[in-house]
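Before any comments, here is the structure.
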Amino acid sequence: MSRDDVRTMPVEKALDEAARLRASGAFARLTTRRFFECGFKNGEVETLQQSANVTLDVRLFVDGRFLEASTSDLAGVPHFVGRCIAAARLLDPDDARRLPDPEWTRVAGADLAAYDADGEAVGRDALMDLARRADAACRAASADVFHAESTLSRERFEVKAASTAGWSGSYRGTSSFLSARAYVRDGEHKKQVDGSVRSGRRLADASRPDEVGREAAERAIRARGAGPIPTGTCDLVVENRTAGWLIHQLSGPLSGRTLHRGQSFLAGRLGQPIAAPCLTITDDPLFRGGLASRPFDGEGLGCRTRPVVEKGVLRSFNLDTYYGRKLGMTPTTGGFSNVVVAPGTRPPAAMAGGIEKGLWVTRFLGGNSNSLTGDFSAGVAGFLIEKGKVGRPVAEVNVAGRLQDLLLAVAEVGDDPYPYSSIRMPSLLVRGIAVSGT
Amino acid sequence: MGGDPVSRRRFLEEAVKGGAVLAAMPLVPGAFAHAGEALARGGPPGVGGAVGPGPDADTARRTLERAMSRGGDFADIYWQRHTLQFLDLEDDKVGRAGVTVEMGTGVRVVKGEQTGYAYTEEATPEALLAAADTAALIASGPAGKVAGRLVPVEVPGRYEARTAMTDVDVARKLSIVQRANAAARKADPRVERVQVAFQDVLDEVAVMTSDGRVVRDVRPRAGLSVNVVAASNGRRERAGYHRGGRRGDEYFTDGVVTATAAEAVRRAVVLFDAVRPPAGSMPVVLAPGSSGILLHEAIGHGLEADFARKHVTVFADRVGQKVCSDLCTIVDDGTVFGDQGQLRADDEGTPGERTVLIEKGVLRTYMQDRTSAAAMGARPTGNGRRESYRHIVVPRMRTTYMEPGPHSKDEIVASVARGVYAVAFSNGQVNIGGGDFSFYLSLGYLIENGKIGAPIKDVNLIGNGPEVLSRVTMVGNDVLIEQGGFGYCGKRGQQVPVGFGLPHVKVSEIAVGGVEGRKA
């Protein structure tokens, strides 16, 4: 078998076997990934990794029964599929377990700018040099940095998929990621650590080692002396790099599975205001160069740009085919791709300027929320805001409340969407949140 | 198989031999039979006959020589076949099932604190040699030494599973899931919706080292999880419970299945009485079980040797020093029979052991993998783990628990004027350098005037590891290892199964992240 056969044949083989065994439908997807990763520590290579992997995912529909199978072993695909179909026949039938309707699987012909041919031409030594420079910049930024680490990783992937309904599609992409972490001493035993990231579809997006290293060092140094503040209520400015926390908390309540299971506080709220009017959240799988851009999703649903929250009004849920059918709604997609939050007009420092007493949040630590009741509680660290000025570092405090209230308490969205994540979230100003500390 | 215990060795042989012992078709497409298929296809590195699956001895030795061709302290090969299956029930139907089979081989070269790593999913000697060439790039010197012969090393102990669930007929698993569903429905009329999941995993691994050792393990795991939504007077609450571990078919008796469902329901309906959780610093009494996450976050990660050798943890350079209350003796253990965290040998072939981390408040040792142990002049403790062949080895916890102390539950609770009694936790996180950590309470109770009062839920507890552990003022004379089958720990993008345990413990002061801003 040639290399090309290995990459294309498994999808056809899986579908042929499913058809031969009279499955009512099947969808197969082959994902091939190649990655390189290099880590530096204090001027020395710490890790060097390079490999390729292949995963075949098969979704099998057998008379209303459903089984999803996944394997890295492409040698015995027909046998694997045969065993899976036999097992699926033992499950309970459900009419909604069918391939998506054809009109849901039409693929938009947008250019996703997901593949970086220039970056792919860059060799191992130059990639290692990016990590080396980030680590060096981190240590050069301050003599107080006693330990620095950096990582450069690059990945190339290719997805080929098809279904027994005659549908097929493919796409490919690249991504690059550069990070640095700085450690500084803070008293007898404590250390402060913080990091910085640059990433994107293009290697050029990650090729800013001096900036990454310096920013990591500056952030760690600024956090020295962090401690709790008294329990009370205050306003928050949540930095763009960490504000995506809110989207993670919403992904449960917005999902079809959670809705169908009666576990979402957003059930029945479509078309109603659920958030402050300054919040507009869009799921945009077609965003050029987005880290989660894709023409179709994991079950072959064609991707569309879709408002989720529009000026505070709930416009759509994340519905895969099954739960869309169960809920009597047209499927959208099972989960977020690129989440684009519409920016406001002011930088976060200006938003902090109007706060009498508040907290500038640089990170969340643990915490969780309840999708059904909306209750949330999470650790945060950052800085005290007093009379509009960002002051002493804060840690070991907690914020809590209900997501319903938090969404309405967003008073302003910053002008700074975070570009190094699939969640392109600006900084947020949130009013009147319960904080517990000493 | 009758009621006779099957010895560890026999279990392994049967696993390797293939599907002959199966009474009926398992859901998995040939997890075991597959080894035979690879053999039938011929060609190394298929199956080495009696030695077991993975690269044969000759291919392994050639690979290790190639890996050491540019020098290095040692090299190893990690072969793994991972088989995962699940069944999902909702709306009284098992409408969804899944199977994952992954197989691959990794080659690692270690030189000082440097690691070169590559893996392949192609079962050919050429692919393995190419991976060895890539891993070897970490070094640049004269070739290193490889032992003349690879010798199998028997590691002690066995897992509780006599029959791995991966090997069990799907009809039997369906009956477990349906029984759990029925039990949850029956337990309380306020139950509105029930979801049940059953998951089983079998990891077959082989480690082959340049110093000539071959260590094999077959690691079964299974877990039953029940989640319910209950409704009463227009109020809805959800909760769940799970049981499992490195356990097999025998474990999931009707009694265990029914009790798991009943506990899920109990944890949901009790929430109808939940009051708004308090905010601020106050005493917290941790109930046995999943509260062991306190140790995992407050001190466990900080004692992992990669952080210690880099001096970046708050517990670095403190062996022999008092780091917490002298009531605390804290253990990380690879030998807790039946628990998620049990490991007969780690992913570097180091045998599992009971490692005392903290003895009466004094730091005794860090959790070591081979790389960190060599750098620190310490002994590997069996904590070198990885999620799969697609990942490098990192020091990780196994089952982490605290030894019992002198106090009874009653006297501990009675000692608290106003505080929290913490029962169930869902997740946590720690900042290694600063030692600040948090863990999320999904079910607890207020303590008022020494008595357990109204339930609370969805509240994060937050504190600083060394400080919180210095405030352990009472330790109960009981210990419960959590009986769950879904405890995972994430580090550097890798998830591994871990276990938790704790006696009743009183922490005199910890920040409770609620919304009711009264101080204790």
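Proteins come first, then strands; the chains are lettered A, B, ... in the order of their sequence lines, and each starts at number 1. Computation of the quantities below employed the complete heavy-atom set of this structure, encompassing side-chain atoms and omitting hydrogens, waters and symmetry-equivalent molecules. Remember, it's a predicted structure, so these values are computed and weren't measured experimentally.
Proximity to chain A (any heavy atom under 4.5 Å) is restricted, for Thr313(B), to the backbone atoms N, CA, C and O. In this structure, the portion of Arg193(B) lying under 4.5 Å from any heavy atom of chain A is its side chain and not its backbone. Proximity to chain A is limited to the side chain of Lys457(B), based on heavy atoms less than 4.5 angstrom apart. Neither the backbone nor the side chain of His82(B) comes within contact range of chain A, judged by heavy atoms closer than 4.5 Å. Phe437(B) touches chain A through its backbone: at least one of N, CA, C or O sits under 4.5 Å from a heavy atom, while the side chain does not. Interface residue Gln195(B): only side-chain heavy atoms are found under 4.5 Å from chain A. Both the backbone and the side chain of Glu237(B) come within contact range of chain A, each with at least one heavy atom under 4.5 Å from a heavy atom of that chain. For Glu90(B), the part sitting under 4.5 Å from any heavy atom of chain A is the side chain, from C-beta outward, and nothing else. Looking at Val430(B), the atoms closer than 4.5 Å to chain A (heavy atoms on both sides) all sit in the backbone: N, CA, C or O. Residue Asp317(B) does not touch chain A at all, counting heavy-atom pairs closer than 4.5 Å. Heavy atoms of Val312(B) lying under 4.5 Å from chain A belong to its backbone as well as its side chain. Contact annotation for Ile462(B): only side-chain heavy atoms (C-beta onward) come within less than 4.5 Å of a heavy atom of chain A. Interface remark: Val512(B) contributes backbone atoms only to the contact with chain A (heavy atom separation under 4.5 Å). Neither the backbone nor the side chain of Arg276(B) has a heavy atom closer than 4.5 Å to any heavy atom of chain A.
With contacts defined as side-chain heavy-atom distances shorter than 4.5 Å, the pair Ile432(B)/Val193(A) does not qualify. Gln49(A) places a side-chain heavy atom less than 4.5 Å from the side chain of Ile392(B). Looking at heavy atoms from C-beta onward, Ser51(A) lies out of side-chain contact with Tyr389(B) at the 4.5 angstrom threshold. By the 4.5 Å heavy-atom criterion applied to side chains, Ser426(B) and Asn368(A) are counted as neighbours. The shortest distance between side-chain heavy atoms of Leu174(B) and Leu90(A) falls below 4.5 Å. Residues Arg257(A) and Asp88(B) are in side-chain contact: their nearest non-hydrogen atoms beyond the backbone lie under 4.5 Å apart. When side chains are defined from C-beta on, Leu48(A) does not count as touching Thr115(B), because their heavy atoms never get closer than 4.5 Å. Asp94(A) is not listed as a side-chain neighbour of Arg96(B), based on a closest heavy-atom distance of 4.5 Å or more.
For the atom pair OG1 (Thr120(B)) and CG (Asn53(A)), the distance works out to 10.0 Å, reported to the nearest 0.5 Å. Note that CZ of Phe307(B) and NE2 of His147(A) are 10.0 Å apart. Values are rounded to the nearest 0.5 Å.
Applying the ring-ring contact (aromatic ring centres under 6.0 Å, His included) rule to His260(A) yields the partners Tyr323(A); only residues at least two apart in sequence or on another chain are considered. Partners of Arg386(B) by side chain to side chain donor-acceptor pair (under 3.5 Å), not counting sequence neighbours, listed by chain and number: Tyr117(B).
Contact between Gly366(A) and Ser438(B) at its shortest, heavy atoms only, is CA-OG, 3.4 Å. Annotation for Ser281(B) and Gly437(A): closest pair OG-O, 3.4 Å, computed over non-hydrogen atoms.
Heavy atoms from other residues, nucleotides or ligands lying under 6.0 Å from CZ of Arg236(B) number 12 at most.
Taking a cutoff of 4.0 Å between a charged side-chain nitrogen and a carboxylate oxygen, Glu46(A) and Lys310(B) qualify as a salt bridge.
Counted by atom type alone, Thr373(A) and Arg235(B) present zero donor-acceptor pairs between their side chains at under 3.5 Å.
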